[in-house]
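In what follows, a single structure is set out as structure tokens and then discussed.
Every number for a ligand or one of its atoms is a count from 1 in the order of the listing. Because only heavy atoms are used, hydrogens play no part in the values below, and waters and symmetry mates are left out as well, while side chains stay in. Fair warning: this is a prediction, and the values are worked out from it, not measured in the lab.
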Amino acid sequence: MKKWIDISQALTNDIAVWPGDTPFSYVVNWPMEQSGSVNVGKITMSTHTGTHVDAPFHFDNNGKKVLDLDINVYIGKARVIDVSMFEQVGIKELENYQLGGVSRLLLKLSPNASDSEFPRYIPYIEEAAASYLCAKGVQLIGVDVPSVDPVESKELVAHHALFAHGIHILENLVLHHVKEGEYELIALPLALQDADGSPVRAVLREIEGEKSDDR
Ligand SMILES: Nc1ccccc1C(=O)C[C@H](N)C(=O)O
Ligand SMILES: [Zn+2]
Ligand SMILES: [Zn+2]
């Protein structure tokens, strides 16, 4: 069996955050010299830093919180496709792929995404893609950029449309070392009761013997 590979951004003190959002920081807040026995750290971060899931409460005051999310969505078979040749991903672009029966879809949108620099421009998902993907059976969409909507968007139409169609959102994946194909995915959010989002450790394992390029 193939090995699990990491598709998460490393949470370092210089990781890129959404413009204006809380910088990430990890410090040893209670060092061994003071506690007498152990180092104890303290993390300060936005819930949307690094590889993370969005809960609907992020963009809807009445939306589900992280602890209400179905964990089954974040574990299981996933398809990785390369859509980095497109500036936005809508039905026309998705029609180039065979997505029937795909329940988790990870999109390679940005081949040169960097963990330490917030992108100036990001490709985005079109609103109409939501119903198209829902009809294919997709429950989770993952992207290697900080948002499924354009950075300057206030309406967040793709976020709303995706969740309205039962499609959960995973952002800031690292996929440049991953080729198109069939994988198993684990990307569990923390059990954060009231939260609008949660960091995840996202990992993939290739499923051998499945055709990877069936475009
Ligand atoms: N942190 C922010 C601060 C202000 C405005 C948007 C964001 C976001 O995080 C949006 C992005 N779509 C996200 O879910 O990560
Ligand atoms: Zn987010
Ligand atoms: Zn988002």
Side-chain angles (χ1 to χ4, degrees), residues 7-26 43-71 73-74 78 83 87-90 104-110 113-130 133-134 138-175 185-202:
I7 54 165
S8 319
Q9 291 189 2
L11 294 168
T12 64
N13 284 1
D14 66 355
I15 191 172
V17 299
W18 194 272
D21 209 342
T22 313
F24 177 88
S25 148
Y26 168 85
I43 297 166
T44 309
M45 70 184 294
S46 160
T47 44
H48 298 269
T49 294
T51 309
H52 70 276
V53 303
D54 286 353
F57 177 58
H58 181 45
F59 46 84
D60 175 355
N61 280 332
N62 300 313
K64 278 189 181 180
K65 315 278 179 72
V66 172
L67 195 55
D68 306 325
L69 298 171
D70 180 1
I71 53 174
V73 169
Y74 302 99
V83 288
E87 297 198 345
Q88 69 282 108
V89 175
R104 299 171 193 81
L105 182 64
L106 308 184
L107 303 179
K108 285 165 73 85
L109 282 159
S110 178
S114 150
D115 295 9
S116 57
E117 247 172 276
F118 193 86
R120 260 194 296 152
Y121 172 81
I122 61 170
Y124 60 91
I125 311 302
E126 286 179 1
E127 184 175 11
L133 292 173
C134 175
V138 174
Q139 293 174 25
L140 176 73
I141 188 167
V143 293
D144 57 358
V145 289
S147 184
V148 292
D149 277 291
V151 171
E152 61 286 354
S153 168
K154 294 283 176 242
E155 292 79 21
L156 301 177
V157 289
H159 282 80
H160 283 277
L162 288 165
F163 265 106
H165 288 88
I167 303 174
H168 295 60
I169 300 169
L170 183 55
E171 293 169 327
N172 276 336
L173 291 166
V174 179
L175 295 172
L185 168 77
I186 306 176
L188 286 171
L190 304 179
L192 293 166
Q193 179 167 249
D194 292 327
D196 59 299
S198 170
V200 301
R201 184 68 179 266

* Quick one: sort the His160 and Phe59 rings into parallel, tilted or perpendicular, breaks at 30° and 60°. => perpendicular
* Atoms of protein origin (N, O or S) under 2.8 Å from the Zn ion (ligand 2) -> His48 ND1, His52 NE2, Asp54 OD1, Glu171 OE1
* Measure from the Zn ion (ligand 3) to every N/O/S atom of His159 and report the name of the nearest one. => NE2
* Side chains of His48 and Asp196: do they bring a donor and an acceptor to under 3.5 Å? -> yes
* **Exam field: side chain Thr22 to backbone Met45, donor-acceptor pair closer than 3.5 Å** => no
* So, the side chain of Asp144 versus the backbone of Ser110: is there a donor-acceptor pair under 3.5 Å, distance only? -> yes
* Backbone N or O of Leu190 within a donor-acceptor pair of the Ser198 side chain at under 3.5 Å? -> yes
* Any side chain to side chain donor-acceptor pair (under 3.5 Å) pairs touching residues 145-155, not counting sequence neighbours? -> Asp149-His159
* Asked: If you measure from atom 9 (O) of ligand 1 to every heavy atom of His48, Lys154, His52, Glu171, which option wins on shortest distance?
  -> His48
* Within a strict 4.5 Å, meaning less than it, do heavy atoms of the Tyr74 and Val53 side chains meet? -> yes
* Asked: What's the shortest distance from atom 5 (C) of ligand 1 to any protein heavy atom, and which residue and atom give it?
  -> Trp18 NE1, 3.4 Å
* To do: State the atoms of ligand 1, each with its element, that fall below the 4.0 Å cut-off from a heavy-atom position in Asp21.
  => 1 (N), 2 (C), 3 (C)
* Supply the atom-to-atom distance Thr44 OG1 to Asn13 CG, rounded to the nearest 0.5 angstrom. => 9.5 Å
* Asked: Closest non-hydrogen protein atom to atom 12 (N) of ligand 1, residue and atom name please, with distance?
  -> Ser147 OG, 2.9 Å
* Asked: In terms of atom number and element, which parts of ligand 1 are under 4.0 angstrom from non-hydrogen atoms of His159?
  -> 12 (N), 14 (O)
* Asked: Just wondering, do Val151 and Trp18 contact through their side chains at under 4.5 Å, heavy atoms?
  -> yes
* Structure fact -> The atoms of ligand 1 lying under 4.0 Å from a heavy atom of His58, numbered in the order shown, are 8 (C), 9 (O), 10 (C), 11 (C), 13 (C), 14 (O)
* Taking Ser116 for its side chain and Ala16 for its backbone only, find out whether a donor-acceptor pair lies under 3.5 Å. => no
* To do: Could you say whether the N/O atoms of Asp54 and ligand 1 ever approach to under 3.5 Å?
  => yes
